[in-house]
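Every heavy atom of this structure was used, including side-chain atoms; hydrogens, water molecules and symmetry mates were not.
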Amino acid sequence: MEVQIFGVKKSADTRKAQRFFAERRVKTHFVDLMERPASPGELKRYVQKFGIPALIDRESRRYAELGLAHARYSDERWLRWLTEEPMLLVMPLVRWQHQLTIGAAEPTWREWVAK
């Protein structure tokens, strides 16, 4: 089993995901979004499953700094924002095979590990 984790090192939930899988000796591939932003194609997988609103961290400092609270953008424009500004994403984005989670989703991760 190998899990891919997209996030930033400063994110507590990203560290929690890394720790969760490490404690269970699951191999992980960590992608630091500050060093290498997610590609639009990668983000589209998450958009197709969860929708754009689920990916946007409306509580983040970066969201407030950019003044996006009243923004009404198309999905394509939001996808560009999320690609250019990774701190707008709910983190971590975790992928195992074709299954995806957003944020700290321990119950789902437990199901994955049990398989």
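For Lys10, the NZ atom is loosely surrounded, since the number of other residues' heavy atoms within 6.0 Å does not exceed 12. Heavy-atom contacts from other residues, nucleotides or ligands closer than 6.0 Å to CE of Met1 number more than 12. Under a cut-off of 6.0 angstrom, the local environment of CD in Glu84 is crowded, with over 12 non-hydrogen atoms contributed by other residues, nucleotides or ligands.
For the pair Glu35/Lys9, a side-chain contact is recorded, criterion being any heavy-atom separation below 4.5 Å from C-beta on. No side-chain heavy atom of Leu55 sits under 4.5 Å from any side-chain heavy atom of Val90. Contact of the Met91 side chain with the Asp13 side chain is not registered, since no non-hydrogen atoms from C-beta on lie closer than 4.5 Å. Residues Met87 and Arg61 fail the side-chain proximity criterion, which asks for heavy atoms closer than 4.5 Å. Within the 4.5 Å cutoff, no side-chain heavy atoms of Leu68 are placed close to those of Ile56. Trp109 is not listed as a side-chain neighbour of Arg24, based on a closest heavy-atom distance of 4.5 Å or more.
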Report task. Apply side chain to side chain contact (heavy atoms under 4.5 Å, CB included) to the pair Trp96 and Phe21, showing each step before the final yes or no. Result -> CA-CA 12 Å; Trp96 173 60; Phe21 290 110; over 6 Å; no
Query raised in the report: Between Trp112 and Gln97, is a side chain to side chain contact (heavy atoms under 4.5 Å, CB included) present by the stated rule, with each step listed?
Result: CA-CA 10 Å; Trp112 294 355; Gln97 296 176 346; over 6 Å; no
Report task. May I have the step-by-step check of side chain to side chain contact (heavy atoms under 4.5 Å, CB included) for Leu89 and Leu43, ending in yes or no? Result -> CA-CA 10 Å; Leu89 287 164; Leu43 287 178; 4.1 Å; yes
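Annotation for Ile102 and Ala54: closest pair CG2-O, 4.0 Å, computed over non-hydrogen atoms. For the pair Pro92 and Ala104, the tightest heavy-atom approach, listed with the atom from each and the gap, is CD-N, 4.1 Å.
Applying the side-chain hydrogen bond (donor to acceptor under 3.5 Å, both in side chains) test to Gln18 and every residue at least two apart in sequence or in another chain returns nothing.
Note: Gln4 CD to Phe30 CZ = 11.0 Å, rounded to the nearest 0.5 Å. Interatomic distance, Glu76 CD to Ile52 CD1, rounded to the nearest 0.5 Å: 8.0 Å. Summarising the geometry, atom CG belonging to Asp75 is positioned 10.0 Å from atom CG belonging to Leu82; distances are rounded to the nearest 0.5 Å. The structure places NE2 of His70 at 8.0 Å from CZ of Arg72, a figure rounded to the nearest 0.5 Å. In this structure, OG1 in Thr28 is found 5.0 Å from CD1 in Ile5, a value given to the nearest 0.5 Å. The distance from atom CZ of Phe50 to atom CG of Leu100, rounded to the nearest 0.5 Å, is 5.5 Å.
Taking the charged nitrogens against the carboxylate oxygens, Glu111 and Lys115 have no contact shorter than 4.0 Å, which rules out a salt bridge.
Both Leu88 and Phe6 are part of a single hydrophobic cluster, where members link through side-chain heavy atoms under 4.5 Å apart. Val94 and Val47 fall into different hydrophobic clusters, where Ile, Leu, Val, Met, Phe, Trp and Tyr residues are linked whenever their side-chain heavy atoms come under 4.5 Å apart, directly or through other members.
Of the possible polar contacts, none joining the Arg58 side chain to the Ala69 backbone as a donor-acceptor pair under 3.5 Å is found.
Ring planes of Tyr63 and Trp78: parallel class, angle under 30° (limits at 30 and 60°).
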